2 protein chains.
Amino acid sequence: MKVGNMSIIDKYTTTFGLVKKIDAFGYLDYLKQNPDQPRKHGKVLLVTADTPLKASRGEGKTTTTIALVDALRERGVDAAAVLRQPSMGITAAGSKGGASGGGKSSLSHPELIDWGLCGEMAAIACAQNLLVSFAEKAVDEGVLDTILVPRVSEVPSRSLRSIAVDYGKGTVPERVVLTPTCELMQIVVLSRSMDEISERVASMIAGTKDGVPRKFGDFVDLWRITNILSDAVKPAKTETINGSPIYVHCGPFANVSLGIPSLVSVEMACAEHDVVVVEAGYGTDAGAQKWLDIASREFGAKWPAAAVVVTRATTWRDDETLAWRYPFHVSRLESLNIPTFPLINLWEGEDDQVPELLAQAKSLGFRKPIVGNLFRDGGDGLADQLDDFVSVISEDTKAYAPESRRGNTLMNRIKLLCEEAYGVPADRVIEKDGFADSLSAAQDLCANAGVDFNSLALVAVKSPATMTDDDHKPAGERTVTLKKVEVHAGAGVVQVNLTASLTTPMPKIV
Amino acid sequence: MKVGNMSIIDKYTTTFGLVKKIDAFGYLDYLKQNPDQPRKHGKVLLVTADTPLKASRGEGKTTTTIALVDALRERGVDAAAVLRQPSMGITAAGSKGGASGGGKSSLSHPELIDWGLCGEMAAIACAQNLLVSFAEKAVDEGVLDTILVPRVSEVPSRSLRSIAVDYGKGTVPERVVLTPTCELMQIVVLSRSMDEISERVASMIAGTKDGVPRKFGDFVDLWRITNILSDAVKPAKTETINGSPIYVHCGPFANVSLGIPSLVSVEMACAEHDVVVVEAGYGTDAGAQKWLDIASREFGAKWPAAAVVVTRATTWRDDETLAWRYPFHVSRLESLNIPTFPLINLWEGEDDQVPELLAQAKSLGFRKPIVGNLFRDGGDGLADQLDDFVSVISEDTKAYAPESRRGNTLMNRIKLLCEEAYGVPADRVIEKDGFADSLSAAQDLCANAGVDFNSLALVAVKSPATMTDDDHKPAGERTVTLKKVEVHAGAGVVQVNLTASLTTPMPKIV
């Protein structure tokens, strides 16, 4: 893989201030065109988490991811991690801390990751808003009479959930969603080339004219969008304070969208390293569910060779009525034949709880948990607990490729999801008033647009902190209520809002 | 200025992809702290233009700026240029070509300059929108009851001129302006340190509570804003296809805002080069007026040692009723003791017009015009015409510092501006219905906010293509109508809308 003193990937790498940006499309294409060139075939390790008690309170997934990669490298494993880029708007508004680790489990330049990186999210916002501007021009020119694509904002603002534009004249109702949740972000996450991005943007349903769907490809020059995205599609590379390689690409919020790093960022990392730790949160019911059922099952991403499910002592145990969630997640992943390691991330003053936590884990039949105060101790707190973990990921296993569920009806797939990911059986999946109408409207829209509705991958949209309508209820009484359906034909997904989801993903500053 | 093989400025320079970014605040502070360190004392040459026939049709200012700096360097003059960053939204929407020159007068990477550079504009947009989000939170918490700061959008969208947020509940009318025109952009243009940015943001009037103005400093953590801006405040450095140094920083639209490069980008360039060509458009009545009366007169920027006024043969001559504008601009600058060189930028097929254009210029008493097809010939088309120009800028002249006009009443200053920049005497400056109310509301707002109204620098807001209510009328009948007054207390300016200005700077895609 080395050419003189330079590895191939360096030719696709440029410096952007204190980070690097890598032309992953170009590099992966090079590898495809040159099958004899050496490359690694890294395994994916999923770091996911317990369902958080609230959205603003993390379990420490990023901290764990960083500590884990540092610890693995300390043990001689060529490991790297792929993180999602945090939403600058949410960080800047103070609604949530950054997502760049902390303490000894930190990135070398957390301020860059938390505060907008190289403008990737802003470019995506600009491109999605430009699409809406062109849709608006199409309305002026009689090409459209309704616009179905929301504008986006990088900063949260409660009042943008519902706006009217051209107020006092046309007074057209619109909504504004947070940038990471928009269809264009999904397209960047899922696409493997700029041409694919272009095709997917062309397939986005812009709106309707006399009830007939119209796509952006009908009236927007696609190069305008791809020009805006030219640097945004390149994953960033940075490192931990211990020098471990970290890739960062694409947005968060697996509760309301995909919320996983771009597929190419993980594929590129797998070509460069033996082990690639992929962060997939919020909880297992959001981030891991999406990696497994969307990225792996429907879009060809690697199935994880192992998983780590992070929790905090307080999350897991303090509310007895919610204590079922953590073991549920661990068991679910094990049931998928993914060796799953509980990891308990301790806060200051919790060290004395370790024996009790280990006993509880044992009684639940878990693998032996990895336990540490990762903020305080970093990878050093983990390195000597990783024997089983390293042993599992060193096994020479055959790559597992899950079967696609496309083609099944959406309702069947929703019911399967509720059963598998939330533990709610089909007969307790409830349709809210209006859901059936929303579903048939989405089906009609697709039929009229020439899109095969059942070929769209299912994206559950929900609150990050709940799996069911009321997680406090006993298992036999938990329900999931389906609320509405939204098609993202360009991304190739259909979103279903359920339980306590926000109708429009645009939080209030808290 | 060299330390080993490295000049001091290199220590403040980082690579961002194909351009460099320079920490101008840090570098200029270093020079201030180290008065014995060598530095240059470059002269400022203003490149400005005739008033364009319409906003979307440039005379070729950027092309001229690039050709001029290439030609000067060809003659052995250490010249550089400072350009404004084009509005990506306007370029992407196709409403206007980019602003990175063309043909042989091009930048090495025009696509970067035209398509978002390093995210500077997007960061400013995000920061300004975050301020609005915090204002909204302040409303929720009873700290404000009105918000006076507009949201911004990087892409144009006609329907955003007037929106209602929280639609269907609060239904609060708001407006959205194009990013380059916002107060925060003005603050970045005018500030000489991050502390100054912080102080100016703190002084921005967020809104009112029971009629009393409240400033952002009262309720927003300023580090949130400065963190977002940390890379955006750094000018970018690139080069022409001939290798001449080009700095790019801050936004366009001198018709509706400042529309000049940041003061520090020009100061930094002057410390590095003998001659610094500064682009100041649209026309002389917008860009040059703002450089002279705002940057130089009120904020300590260098008075130009010479000026070039660009026109096209067609702009200057084809509409007889508008033909007064070009000689007016040239004469006005000469009357300020700025040696002013007409420059006629030829389009294809216009070469045969040269003798006639020269004759006409002579009859008007101009200096001998510089004439060339700069797209086709680049700096080579200019180099041998620059003897007089180089001679003027080589003179050892005393720096001129114009007297501030702060302290005079706004009305007096408006009338002086109309006379000087548009040729309309005080008795033909008309107040539209509502103007007096708008003026006294602005005065009251300042009085209640503890801001000295008459200390604010005057920013004229108008159409780029007109200087008066009807430029086609004979000189003795031309009027200027004053429409409304808007205070930007943080930037330290007061904006006055006049003639055919848009009420909200948010164009429609055309």
Side-chain angles (χ1 to χ4, degrees), chain A residues 14-18 21 88-89 91-94 111-112 114-123 125-127 129-130 132-134 136-137 139-140 151 153-174 176 221 224-225 227-228 230-231 508-510, chain B residues 14-18 21 88-89 91-94 111-112 114-123 125-127 129-130 132-134 136-137 139-140 151 153-174 176 221 224-225 227-228 230-231 508-510:
Chain A
T14 43
T15 299
F16 272 73
L18 297 170
K21 295 268 285 177
M88 171 164 77
T91 308
E111 74 285 4
L112 299 179
D114 287 339
W115 292 87
L117 202 48
C118 306
E120 293 83 352
M121 206 88 91
C126 187
N129 283 332
L130 182 64
V132 179
S133 292
F134 275 109
E136 175 182 90
K137 186 184 176 199
V139 170
D140 289 347
R151 294 177 200 270
S153 168
E154 260 207 282
V155 297
S157 170
R158 181 260 309 149
S159 71
L160 291 178
R161 281 177 207 164
S162 166
I163 69 169
V165 300
D166 204 15
Y167 183 61
K169 294 183 184 167
T171 309
V172 181
E174 279 190 4
V176 183
D221 301 325
R224 298 185 188 283
I225 303 302
N227 271 13
I228 295 176
S230 57
D231 281 333
K508 179 176 169 177
I509 296 185
V510 285
Chain B
T14 43
T15 298
F16 272 72
L18 297 169
K21 297 266 287 176
M88 171 164 74
T91 307
E111 74 284 6
L112 298 178
D114 286 338
W115 293 88
L117 202 50
C118 306
E120 294 82 353
M121 206 87 91
C126 187
N129 283 332
L130 183 63
V132 179
S133 292
F134 274 110
E136 174 181 89
K137 185 184 177 198
V139 170
D140 289 347
R151 296 177 199 269
S153 168
E154 259 207 286
V155 297
S157 171
R158 180 260 308 148
S159 71
L160 291 178
R161 281 178 207 162
S162 167
I163 69 169
V165 300
D166 205 15
Y167 182 60
K169 294 183 183 167
T171 309
V172 182
E174 279 189 3
V176 182
D221 300 326
R224 298 186 188 283
I225 303 302
N227 271 14
I228 294 176
S230 57
D231 281 333
K508 180 177 170 176
I509 297 184
V510 286

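Just so you know, these numbers come straight off a predicted model, no measurement behind them. The sequence lines fix the lettering, A, B, ..., with proteins before strands; numbering per chain opens at 1.
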Lys21(B) versus chain A, the contacting section by heavy-atom distance below 4.5 Å: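 Neither part.
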Side chain, backbone, both or neither: which part of Ala123(B) has a non-hydrogen atom closer than 4.5 Å to chain A?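 Neither the backbone nor the side chain of Ala123(B) comes within 4.5 Å of chain A.
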Those residues that, when tested against Glu136(B), pass salt bridge (Lys or Arg N to Asp or Glu O under 4.0 Å) (two or more places apart):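 Glu136(B) satisfies salt bridge (Lys or Arg N to Asp or Glu O under 4.0 Å) with Arg151(B) once adjacent residues are dropped.
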I'd like to check the salt bridge (Lys or Arg N to Asp or Glu O under 4.0 Å) partners of Arg224(A); sequence neighbours left out, ordered by chain and number.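 Result, salt bridge (Lys or Arg N to Asp or Glu O under 4.0 Å) vs Arg224(A): Asp221(A).
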Please give me the minimum heavy-atom distance between [X] and [Y], naming the atom from each residue.
X	Y	value
Gly17(B)	Thr14(A)	CA-CB, 4.4 Å
Leu160(B)	Val165(A)	CD2-CG1, 4.0 Å
Phe134(A)	Ala93(B)	CZ-O, 3.5 Å
Ser133(A)	Ser157(B)	OG-CB, 3.5 Å

For chain A, which of [options] has the most heavy-atom pairs under 4.5 Å?
options	value
Lys137(B), Glu174(B), Glu120(B)	Lys137(B)
Val132(B), Leu112(B), Val139(B), Asp140(B)	Asp140(B)
Met121(B), Met88(B), Arg158(B)	Arg158(B)

About how many Å separate CD1 of Ile163(A) and OG of Ser159(B), when rounded to the nearest 0.5 Å?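 If we round to the nearest 0.5 Å, Ser159(B):OG and Ile163(A):CD1 are 7.5 Å apart.
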Mind checking the CD1-CG spacing from Ile228(B) to Asp114(A)? Nearest 0.5 Å is all I need.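 Here the interatomic distance stands at 12.0 Å.
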Could you check whether any side-chain heavy atom of [X] comes within less than 4.5 Å of a side-chain heavy atom of [Y], counting everything from C-beta outward?
X	Y	value
Glu154(A)	Asn129(B)	no
Glu111(B)	Ser230(A)	no
Asp231(B)	Trp115(A)	no

